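Remember, it's a predicted structure, so these values are computed and weren't measured experimentally.
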Amino acid sequence: MKPMSNVDIYTISDELNNLLSGARVDKSFQPTKDIVVMRFHVPGTGRIDLVMQCGSRIHTSQYPLENPTTPPTFPMLLRKRIKGAHVESVKQHNFDRVVEINVKKDKYYTIIVELFDKGNIILLDDENNIILPLKRKHWSNRDISSKKEYIFPEERGINPTTVTQSEFKEIFENNSDSDLVRTLARNGLGSLYAEEIIKRANEIIAIDKNTPNKDITEEQSIALYNSLKNLFDSLKNDSAKPQIVKNNSKEDVVPLDLINYEDFEKTYYKSFNEACDEFYSKKVNTDIKEIKENAWNKKVGKFEKRLKLQQETLDNFDKTITESTKKGEVIYSNYTTIENIINVVNTARSKDYSFKEIGKTLKKAKKEGMAEAQIYESIDKLGVLTLDIDNTKINIDPKLTIPENAENYYEKAKKAKRKTKGALIAIENTKKQLEKIKAKKDVAMENIAVPKKRVKKNLKWYEKLRWFLSSDGVLVVGGRDANSNESVVKKYLEPNDIYLHADIHGATSTAIKLNGNKLNDNLLKESGEFAASFSSAWSKGFTSQDVFWVHPDQVSKTPEAGEFLPKGSFVIRGHRNYIRGARVKLAIGIVDYEGKRIMAGPIEALEKHSENFVVLKPGFTKKEAIAKKILHKINEDDLINLDDIIRVLPSGKCDIDEEYHQRKKYEKN
């Protein structure tokens, strides 16, 4: 993958500074070992995902990457230290391939993104000390480890934003042995922009790119310097034209029109971030697919290795059965010959000869041609003979009878035969497991597609809140946080509506938008369940929760004398009506209300308005994991994505209510 050049980083960091300054840091993720995604909330814009890939790229992205179920250490530390912080600035360090993201929370922090070589991402504290690097590295002059002071790479090359004409000229004088294009390329501009600057200078004065530095004239030096400054002035003055260029197999992303690419097909974008997103995000899928395929191959290889070892063991059992049976038969078929040599050994032992002496005697007898000794091979320290009969080597214990020696071999064959049955069962089980894991791999690899672009949807006003459509067709809305709780009461609660709130600290302000409809017990029951489920009762694992309801004129933002009301809180005056033991349970599905959209609400409401929905209860599964299951069950024609589901889930972990779905399935049958 083409790494970003110094010029690319110069442009992207300027755009990021304008976009993210003042933004709030949200969660961080690590989809692969060298990619970290930081999520920001930009006022007036909403969610912005920043992709940082070590040694390659940094840009905002609309292509969500699949994240691991268990976050690695580095993104978890980012969440702990800087979630909720606000961005102070984003800048390139000294026109190098290093980006600094400065944020402020309880104190100042800096995220360093190194895009040279294999790169790194590093979190620093307010004293420039390393809190944690994504990768620990050590050089003679730099130590990228926790608690060490962070030292920037040594400054080198041209900084086009600050270089003076005399400094520019000096670069060529100091590299007199090189030529023009190499000197520019090696001083931070790369081959593309080195040649671009020379071509632009050629519009003023003729210059050969291979001109030795010592032969560059004063006029040529001035033309090159002006060409350099004009190129970067066009980036500074909002004259950039971000584009992806293509010509046959060559493709590149650049921030402005280049003479080098004048004959290329060009696709222009509103921002360089958007152009980089289109260029890099689709390419990175190939890398992710390779990583995942390697991981699956490792799993498959584990079972293939096991199967190979089991097959080798089975082959050894078969070999043992064949050879041991044959050896038993050889012993019986050479009964007299073997008995004679056993008698020789036993007689010698009775005369106190050692086994070593007996061995020497038998060896000598064999050499001299004694018939009984021709089958002798060796004798060990315990007196066990090794005999060679018809090219079959057998071991004979002189202390045992001929039948007993033969039985030893037959017993080996029987034992191997018994083990063969177990080996066959084990092989069959491994084959099934191997087929299963291969099938899983095939499915997983098929599901790895090009990331789908996250398109910002034009939400209806109620979709920006919690909402559901009751089984009677009445709209009910609730706040998502302190700000939207304020909006529900101040902006959307009308005189004829009904206000509800779970009788627990930490709950949504809920409004029944009656719009001329009459209040009834069913509507109150469903709205009570909605208010109870979107409260802290869910995260606490409650199965029911009391909810009260009042009329709008009883809801006030004016506190009692000497008291203070935090944002999103209200004073309720007068009599409260209670819905006792409202069920803490929700259903999620696709409904057709002013167009098809996702809705989370009471079960009865989804039963009325949706044919395909999932019932949830407080549980133990994380949002991302449960959202994937729900998406698989209810997505129609790719109408929704994972983020849409996560957005409507209650605060806290969930589980699918399998008992409800089993019961409904039984009722249908």
Side-chain angles (χ1 to χ4, degrees), residues 1-15 53 55-59 92-99 114-117 119 156-161 163 168 171-172 175 178-204 206-211 213 216 220-221 223-237 239-269 271-280 283-284:
M1 181 185 292
K2 163 193 176 293
M4 280 185 163
S5 68
N6 298 46
V7 180
D8 294 338
I9 295 165
Y10 172 83
T11 310
I12 212 89
S13 57
D14 188 52
E15 280 190 6
Q53 184 169 6
S56 296
R57 60 184 177 130
I58 177 172
H59 57 81
Q92 180 183 27
H93 178 76
N94 289 335
F95 197 69
D96 203 348
R97 292 172 64 194
V98 178
V99 177
E114 295 182 346
L115 297 167
F116 54 85
D117 295 331
R156 58 181 181 175
I158 301 169
N159 186 338
T161 61
V163 68
F168 184 74
I171 290 168
F172 299 106
N175 294 274
S178 186
D179 58 31
L180 172 58
V181 70
R182 285 186 177 87
T183 301
L184 289 175
R186 290 169 182 170
N187 277 271
L189 294 170
S191 59
L192 175 65
Y193 289 98
E195 295 201 13
E196 181 68 22
I197 288 165
I198 295 168
K199 285 182 178 179
R200 292 188 179 207
N202 263 284
E203 295 177 353
I204 303 169
I207 308 174
D208 187 334
K209 69 178 184 179
N210 297 314
T211 303
N213 290 341
I216 297 173
Q220 289 174 329
S221 177
L224 288 165
Y225 177 75
N226 289 333
S227 174
L228 171 73
K229 298 302 284 186
N230 289 337
L231 187 147
F232 280 89
D233 284 344
S234 65
L235 290 174
K236 279 184 183 178
N237 300 329
S239 300
K241 293 183 178 178
Q243 58 195 266
I244 293 176
V245 296
K246 293 181 183 179
N247 188 4
N248 299 323
S249 60
K250 184 173 176 60
E251 186 178 23
D252 201 356
V253 59
V254 289
L256 73 170
D257 285 324
L258 299 178
I259 297 173
N260 279 306
Y261 291 146
E262 61 185 354
D263 296 328
F264 280 53
E265 177 189 340
K266 300 177 177 69
T267 304
Y268 291 96
Y269 295 87
S271 70
F272 194 44
N273 272 280
E274 186 181 349
C276 289
D277 191 21
E278 292 298 323
F279 180 79
Y280 286 105
K283 292 179 183 297
V284 80

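- Ring-plane geometry between Y280 and H59 is classed as parallel, the angle between the planes falling under 30 degrees on a 0 to 90 degree scale with a further cut at 60.
- Contact of the V181 side chain with the D179 side chain is registered, since non-hydrogen atoms from C-beta on lie closer than 4.5 Å.
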Are L235 and D14 close enough, and set up right, to give a side-chain contact (heavy atoms from CB on, under 4.5 Å), and what steps lead you there?
CA-CA 9 Å; L235 290 174; D14 188 52; over 6 Å; no

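- Within the 4.5 Å cutoff, no side-chain heavy atoms of I9 are placed close to those of H93.
- With rounding to the nearest 0.5 angstrom, the CD atom of E114 is 12.0 Å from the CD1 atom of I58.
- Here the NZ-CD1 distance, from K229 to I197, works out to 11.0 Å after rounding to the nearest 0.5 Å.
- Residue N247 holds its CG atom at 11.5 Å from CG of D252, rounded to the nearest 0.5 Å.
- Between atom OG of residue S178 and atom CD1 of residue I171 there is a gap of 12.0 Å, rounded to the nearest 0.5 Å.
- Formation of a donor-acceptor pair under 3.5 Å by the E265 side chain with backbone atoms of V245 is not found in this model.
- Between V98 and F116 there is a side-chain heavy-atom pair separated by less than 4.5 Å.
- In this structure, CG in N230 is found 7.0 Å from CD1 in I204, a value given to the nearest 0.5 Å.
- Side-chain atoms of D117 never come within 3.5 Å of backbone atoms of G119 as a donor-acceptor pair (strictly under, hydrogens ignored).
- Listed here is the closest heavy atom pair of I216 and S221: CG2-N, 3.9 Å.
- Taking all atoms of both residues into account, the shortest heavy-atom contact from N6 to Q92 is O-NE2, 3.1 Å.
- Interatomic distance, N248 CG to K250 NZ, rounded to the nearest 0.5 Å: 11.5 Å.
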Check the pair E251, I244 against side-chain contact (heavy atoms from CB on, under 4.5 Å), reporting the backbone distance first and the verdict last.
CA-CA 7 Å; E251 186 178 23; I244 293 176; 3.6 Å; yes

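- Between the side chains of N159 and T161, at least one donor N or O sits under 3.5 Å from an acceptor N or O.
- Between R57 and D277, none of the side-chain N atoms (NZ, or NE/NH1/NH2) sits under 4.0 Å from a carboxylate O, so this pair counts as no salt bridge.
- A side-chain N or O of D8 and one of S5 form a donor-acceptor pair less than 3.5 Å apart.
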Validation: residues 184-195 side-chain donor-acceptor distances under 3.5 Å, sequence neighbours left out:
unit_1 : atom_1 : unit_2 : atom_2 : d
N187   : ND2    : T183   : O      : 2.6
E195   : OE2    : K209   : NZ     : 3.2

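- R97 is listed as a side-chain neighbour of P3, based on a closest heavy-atom distance under 4.5 Å.
- Heavy-atom contacts from other residues, nucleotides or ligands closer than 6.0 Å to CZ of R182 number 12 or fewer.
- Side-chain atoms of D257 and Q243 form a donor-acceptor pair, as typed in the model, at a separation below 3.5 Å.
- A 6.0 Å sphere centred on NZ of K241 holds no more than 12 heavy atoms belonging to other residues, nucleotides or ligands.
- Smallest separation of non-hydrogen atoms from N213 and L180: OD1-N, 3.3 Å.
- A distance-only check finds a donor-acceptor pair linking the side chain of E196 to the backbone of I259 [under 3.5 Å].
- Under the 30°/60° scheme for interplanar angles, the aromatic rings of Y261 and F264 are found to be tilted.
- In this structure, F279 has its ring center at least 6.0 angstrom away from the ring center of F272.
- Judged by distance alone, the side chain of T211 and the main-chain N or O of D208 form a donor-acceptor pair under 3.5 Å.
- Around atom NZ of K246, no more than 12 heavy atoms belonging to other residues, nucleotides or ligands sit under 6.0 Å away.
- When side chains are defined from C-beta on, P242 does not count as touching Y268, because their heavy atoms never get closer than 4.5 Å.
- Under the 3.5 Å distance criterion, the side-chain polar atoms of S13 are matched with a main-chain donor or acceptor of Y10.
- Contact between Q53 and L115 at its shortest, heavy atoms only, is O-CD2, 3.4 Å.
- Between Q220 and A206, the closest heavy-atom pair is NE2-O, 3.0 Å.
- Panel note: side chain Y225, backbone V163; a donor-acceptor pair is recorded below 3.5 Å.
- Listed here is the closest heavy atom pair of C276 and M4: SG-CE, 3.5 Å.
- Looking at heavy atoms from C-beta onward, L224 lies out of side-chain contact with L228 at the 4.5 angstrom threshold.
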